[in-house]
Amino acid sequence: MADLLQKDLDETRQGEAYAPFVEDPNQYPKKFYIESYGCQMNFSDSEIVASILHEEGFGATRNFEEANLILLNTCSIREKAEQTVRNRLTTFRKLKDKRPGTLIGVLGCMAERLKAKFLEEEKLVDIVVGPDAYRSLPQLISDAEGGQKTVNVLLSRDETYADISPVRLDSNGVTAFVSIMRGCNNMCTFCVVPFTRGRERSRDAESILAECQDLFERGYKEVTLLGQNVDSYWHGEVTFALLLERVAQISLLLRVRFSTSHPKDITDDVLETMAKYHNICKYIHLPVQSGNTRVLSMMNRTYTREWYLNKVKRIREIMPDCGLSTDVISGFCTETEEEHNDTLSLMELCRFDMAYMFSYSERPGTLAERRFEDDVPEDVKKRRLEEIIKLQNGHSRESYLNDIGKTFEVLIESNSKRSDLHWAGRNTQNKMVVFPKGNYQLDKGHYAIVIILDATSATLIGTIVA
Ligand code: SAH
Ligand code: SF4
Ligand code: F3S
């Protein structure tokens with residue numbers, strides 16, 4: 001395996017490995033501008049929307065002032081996410097005063113949550129479209145061009161957009177996201193996603209494999225399989241473990257990642273498949289939310305503290321070098337100081353490489369909003385969150401410092417943000433690695449073997465091993 005990989009690596013170094021998507025701006029009579037918020041699913045959906053709009057004669061622009069159609073693909077996960085979108089709309093209000101013909105559309109989870117209310121609350125919005133209704137955009141746009149404000153927020157049980165080939169927006173030409181399922185059936189009590197994204201459904205495996213194969217042929221070297229709960233992927237005979245294996249078999253040079261895993265669903269089968277294939281990245285994002293079993297039960301996460309700790313143990317038994325990150329919520333309804341300390345102690349035991357940390361934000365319509373009182377005072381939530389962040393910062397720092405002296409295979413994604421003389425890419429554990437280009441004939445999409453010399457709490461700094 002090691003020999004084969006080295007041979008393949010040498011071949012890419014000689015070949016043309018980087019083929020970015022280039023759009024001819026004059027090819028389309030009209031222009032659209034799209035901004036995406038929230039999770040990767042939303043960014044991935046925007047690429048489907050771009051594809052639908054191309055068919056309608058709209059080309060993408062990065063300058064909203066010249067757009068005929070401005071779209072915001074929105075997120076509802078926390079109140080702040082919605083506030084950001086409302087603030088952004090005020091910018092477009094000024095533009096609309098200057099150019100009244102510009103159409104403004106709101107897509108995604110906030111569109112789904114607020115439905116027609118959006119048109120009443122935000123007078124400048126012309127089109128409101130939920131995540132399962134993007135195929136109706138051409139009709140909605142044409143109605144809006146005729147002066148009629150329009151809404152389509154129907155959720156679907158089977159829409160996966162499987163036949164629509166996404167237009168890669170803002171792509172580095174190396175890494176791409178591929179949606180493998182939509183919706184979520186889990187009903188975590190704090191979460192708005194089941195209401196904004198509807199029932200879970202898996203996309204057929206053949207169309208996923210065809211998309212990954214096509215990306216590889218166009219020079220991409222990494223695909224991330226996306227879903228709210230990828231481990232419950234199921235289509236015909238194909239489980240998530242099998243899908244992962246089949247994507248990994250496309251080429252040893254195509255890295256495979258996935259997000260997000262639910263602790264209750266990630267199986268040994270998946271872990272063993274990861275261990276078996278060098279090109280399946282050794283990194284798992286495994287949101288824990290809380291380290292206390294009573295709080296987890298109120299959240300309806302359906303696992304206990306012990307179950308989670310066992311999962312982490314199992315991951316490290318099967319893949320000792322696996323990167324691990326998590327999501328944590330502070331101050332969920334009724335959480336006591338002691339229960340909060342359980343979250344801190346779980347973090348000590350797991351030593352995550354990275355975490356996304358939030359204070360609880362009550363969302364209208366969720367089970368928690370209907371059943372429980374949001375009774376942890378805001379200042380307590382914030383203080384607990386700060387304790388969580390402080391602890392995690394220490395763990396991240398330790399994790400990155402621990403890599404000094406180690407050697408990693410890094411997929412080059414771009415120039416480093418600070419200097420054109422450095423490359424930036426990630427190792428299999430998903431850590432960003434920056435290193436000088438030197439005199440090597442390397443390019444984006446190539447793999448480099450890098451030894452780590454220094455680290456911050458979010459970046460490894462190294463040098464190419466000759
Ligand atoms: N499907 C993924 C997560 C989707 S949302 C999963 O189940 O893991 C991403 C993260 O946002 C969640 O993991 C959770 O930590 C956070 N989140 C969701 N709802 C929230 C809320 N009401 N308040 C604060 N954080 C929330
Ligand atoms: Fe939300 Fe839970 Fe589904 Fe994740 S698994 S999207 S947190 S309901
Ligand atoms: Fe936000 Fe919707 Fe994703 S609520 S996190 S954009 S699924």
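Positions are given from 1, in the same order as the sequence printed here. When a ligand or atom number is given, it counts from 1 through the structure's own listing order.
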Considering only non-hydrogen protein atoms, determine which one is nearest to [atom] and report residue, atom name and distance to 0.1 Å.
atom	answer
atom 1 (Fe) of ligand 3	Cys75 SG, 2.4 Å
atom 10 (C) of ligand 1	Asp327 OD2, 3.3 Å
atom 5 (S) of ligand 1	Ile77 CD1, 3.5 Å
atom 2 (Fe) of ligand 3	Cys109 SG, 2.2 Å
atom 5 (S) of ligand 2	Asn186 ND2, 3.3 Å
atom 17 (N) of ligand 1	Arg78 NH1, 3.4 Å
atom 1 (Fe) of ligand 2	Cys191 SG, 2.3 Å
atom 8 (O) of ligand 1	Pro287 CG, 3.0 Å

Discussion item. Between Met181 and Ser232, is the side chain to side chain contact (heavy atoms under 4.5 Å, CB included) condition met? List the steps.
Written reply: CA-CA 9 Å; Met181 61 200 299; Ser232 64; 3.7 Å; yes
Exercise for the section: Show the numbers, then the answer: is there a side chain to side chain contact (heavy atoms under 4.5 Å, CB included) between Arg301 and Phe190? Expected result: CA-CA 10 Å; Arg301 289 291 287 183; Phe190 53 78; 4.3 Å; yes
Checking Val434, Asn427, Leu401 against Leu460 for side-chain contact (heavy atoms from CB on, under 4.5 Å), the one that qualifies is Asn427
Heavy-atom contacts with [X] under 4.0 Å: which atoms of ligand 3 show up? List them by number with element.
X	answer
Gln228	7 (S)
Cys39	3 (Fe), 5 (S), 6 (S), 7 (S)
Asn42	6 (S)

With heavy atoms and a 4.0 Å threshold, my read on which part of Pro194 contacts ligand 2 is side chain
Under 4.0 Å between heavy atoms, the region of Ser359 that gets near ligand 1 turns out to be backbone
Given 3.5 Å as the limit, does a donor-acceptor pair link the side chain of [X] with the main chain of [Y], or not?
X	Y	value
Ser51	Ser165	yes
Thr459	Thr456	no
Asp375	Cys333	no
Arg370	Gly365	yes

Could you establish whether Ser76 and ligand 3 come within less than 4.0 Å of each other, counting only heavy atoms on the residue side? yes
For atom [atom1] of [X], is the number of surrounding heavy atoms from other residues, nucleotides or ligands below 6.0 Å larger than 12?
X	atom1	value
Glu66	CD	yes
Glu237	CD	no
Lys406	NZ	yes

Which of the numbered atoms in ligand 1 are under 4.0 angstrom from any heavy atom belonging to [X]?
X	value
Thr260	8 (O)
Arg301	7 (O)
Arg363	22 (N)
Gln228	1 (N), 2 (C), 4 (C)
Ile329	14 (C), 15 (O), 17 (N), 25 (N), 26 (C)

Is there a nitrogen or oxygen of [X] sitting under 3.5 Å from a nitrogen or oxygen of ligand 1?
X	value
Ser361	yes
Phe190	yes
Gln289	yes

Hey, is atom 1 (Fe) of ligand 2 within less than 2.8 Å of some N/O/S atom on Cys184? no
Exercise for review: Evaluate side chain to side chain contact (heavy atoms under 4.5 Å, CB included) for Leu71 paired with Leu53, printing each intermediate quantity in order.
Suggested key: CA-CA 11 Å; Leu71 299 173; Leu53 292 176; 3.6 Å; yes
- Task: State yes or no: are the ring centers of Phe352 and His395 separated by less than 6.0 Å?
- Result: no
**Study point:** Polar contact flag, side-chain donor to acceptor under 3.5 angstrom, Tyr360-Glu362
**Key:** no
Worked check of side chain to side chain contact (heavy atoms under 4.5 Å, CB included) between Arg62 and Asp170 | CA-CA 10 Å; Arg62 285 175 205 279; Asp170 283 325; 2.3 Å; yes
Short version for Arg197: what comes under 4.0 Å of ligand 3, heavy atoms counted, is side chain
- Query: Are any N, O or S atoms from Cys188 nearer to atom 2 (Fe) of ligand 2 than 2.8 Å?
  - Reply: yes
TODO: Please verify whether a non-hydrogen atom of Arg301 lies at under 4.0 Å from ligand 2.
DONE: yes
Could you check whether Glu56 pairs with Lys30 (Lys NZ or Arg NE/NH1/NH2 to Asp/Glu carboxylate O, under 4.0 Å)? no
